[in-house]
Trainee: 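Next up is a structure, given as structure tokens.
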Amino acid sequence: VQLQASGGGLVQVGDSLRLSCAASGRDFDNYSMGWFRRLPGKEREFVSGIRWRSGSTTYYADSVKGRFTLSRDIAKNILYLQMKDLKPEDTAVYYCAATPSGLITSTRRDPNNYDYWGQGTLVTVSS
């Protein structure tokens, strides 16, 4: 499994940005996918998650709810994270992650439950 994250950059407060994660190497039908971020000096934290095939429900951290939108293009195997109204506290390295496990509410937010990780893309929000 390979995950290639892209789309990060330097933006201003209130700007929008869309991250992409191109997934390859496996049939992801039964995978759980997600975005995490590592803020400076902190551990990785959950941002958003989805079941790849069903996609009927998306999950968000409280800190990004209402501002970030997770979606995926099944045909292209790309996971997107649309971020709007960015704040300085969103500054972080963002990682996409995947696991063949069927994650549930109690396990989805734990990065230790994901088996595959992209290389990360840096988002810097300047005030």
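We count residues from 1, following the sequence as given. The model shown is predicted, which means the values in this text are computed figures rather than measured ones.
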Trainee: Out of curiosity, Ser48 OG to Met83 CE, how far, rounded to the nearest 0.5 Å?
Mentor: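 If I round to the nearest 0.5 Å, the distance is 11.5 Å.
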
Trainee: Just verifying a value: how many Å separate Leu81 CG and Ser71 OG, rounded to the nearest 0.5 Å?
Mentor: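 Reported to 0.5 Å precision, the distance equals 8.5 Å.
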
Trainee: Judged by atom type as modelled, is there a donor-acceptor pair below 3.5 Å linking the side chain of Tyr80 to the main-chain atoms of Asp73?
Mentor: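 Such a contact is absent between Tyr80 side chain and Asp73 backbone.
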
Trainee: Going by the rule side chain to side chain contact (heavy atoms under 4.5 Å, CB included), which residues pair with Ser6 if we only count those two or more places apart in sequence or in a different chain?
Mentor: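 Partners of Ser6 under the side chain to side chain contact (heavy atoms under 4.5 Å, CB included) test: Ser20.
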
Trainee: Do any pairs count as a disulfide bond (SG atoms under 2.5 Å apart) and have a residue in residues 72-127, sequence neighbours left out, and if so which ones?
Mentor: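 The answer is Cys21-Cys96.
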
Trainee: Is it the case that one hydrophobic cluster holds both Val13 and Leu122, taking links as side-chain heavy atoms less than 4.5 Å apart, direct or via other members?
Mentor: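 No, Val13 and Leu122 fall in different hydrophobic clusters.
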
Trainee: Phe28: what forms a ring-ring contact (aromatic ring centres under 6.0 Å, His included) with it, not counting sequence neighbours?
Mentor: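 If we apply the ring-ring contact (aromatic ring centres under 6.0 Å, His included) test to Phe28, skipping adjacent residues, the hits are Tyr31.
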
Trainee: Distance from Arg67 atom CZ to Lys87 atom NZ, nearest 0.5 Å?
Mentor: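 The NZ atom of Lys87 is 4.5 Å from CZ of Arg67, to the nearest 0.5 Å.
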
Trainee: Rounded to the nearest 0.5 Å, what separation is found between the CH2 atom of Trp35 and the OH atom of Tyr95?
Mentor: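 Atom-to-atom, Trp35:CH2 and Tyr95:OH are 11.5 Å apart.
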
Trainee: Distance from Gln82 atom CD to Leu19 atom CG, nearest 0.5 Å?
Mentor: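 Reported value, rounded in 0.5 Å steps: 9.0 Å.
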
Trainee: Of all the heavy-atom pairs spanning Ala23 and Met33, show the shortest one and how long it is.
Mentor: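 For Ala23 and Met33, the tightest heavy-atom pair comes out as CB-CE, 4.1 Å.
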
Trainee: So which atom in Asp90 and which in Asp85 form the shortest heavy-atom distance, rounded to 0.1 Å?
Mentor: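 Nearest pair, atom of Asp90 first, then Asp85: OD2-O, 4.4 Å.
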
Trainee: Does one hydrophobic cluster hold both Tyr94 and Val11, with members joined at side-chain heavy-atom distances below 4.5 Å?
Mentor: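 Per the 4.5 Å side-chain linkage, Tyr94 and Val11 are co-clustered.
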
Trainee: Output the distance between atom CG (Asn30) and atom OG (Ser101), rounded to the nearest 0.5 Å.
Mentor: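 Result: 10.5 Å between the selected atoms.
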
Trainee: Side chain to side chain donor-acceptor pair (under 3.5 Å): which pairs involve residues 112-127, sequence neighbours left out?
Mentor: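 Passing the test, one end in residues 112-127: Thr99-Asp115, Asp110-Asn112.
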
Trainee: Please give me the minimum heavy-atom distance between Arg37 and Ser63, naming the atom from each residue.
Mentor: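 What the structure gives for the nearest pair is NH2-OG, 3.4 Å.
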
Trainee: Restricting to side chain to side chain contact (heavy atoms under 4.5 Å, CB included), what partner residues turn up for Ile74, sequence neighbours left out?
Mentor: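 So Ile74 forms a side chain to side chain contact (heavy atoms under 4.5 Å, CB included) with Trp52, Arg53, Arg72.
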
Trainee: Evaluate the criterion side-chain contact (heavy atoms from CB on, under 4.5 Å) for residue pair Leu79 and Ile50; output intermediate values, then yes/no.
Mentor: CA-CA 9 Å; Leu79 185 71; Ile50 192 171; 3.9 Å; yes

Trainee: Taking the six-membered ring of Tyr59 as reference, does the cationic atom of Arg108 (NZ for Lys, CZ for Arg) lie under 6.0 Å from its centre and within 45° of its axis?
Mentor: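 Relative to the ring axis of Tyr59, which defines the angle, Arg108 lies inside both limits.
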
Trainee: Salt bridge (charged side-chain N to carboxylate O under 4.0 Å, His left out) with Lys42: which residues, sequence neighbours excluded?
Mentor: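 Testing Lys42 for salt bridge (charged side-chain N to carboxylate O under 4.0 Å, His left out), a comparison that skips the adjacent residues, returns none.
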
Trainee: Decide if atom CD of Glu43 counts as having more than 12 heavy atoms of other residues, nucleotides or ligands within a radius under 6.0 Å.
Mentor: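 Atom CD in Glu43 is not crowded, with 12 or fewer foreign heavy atoms closer than 6.0 Å.
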
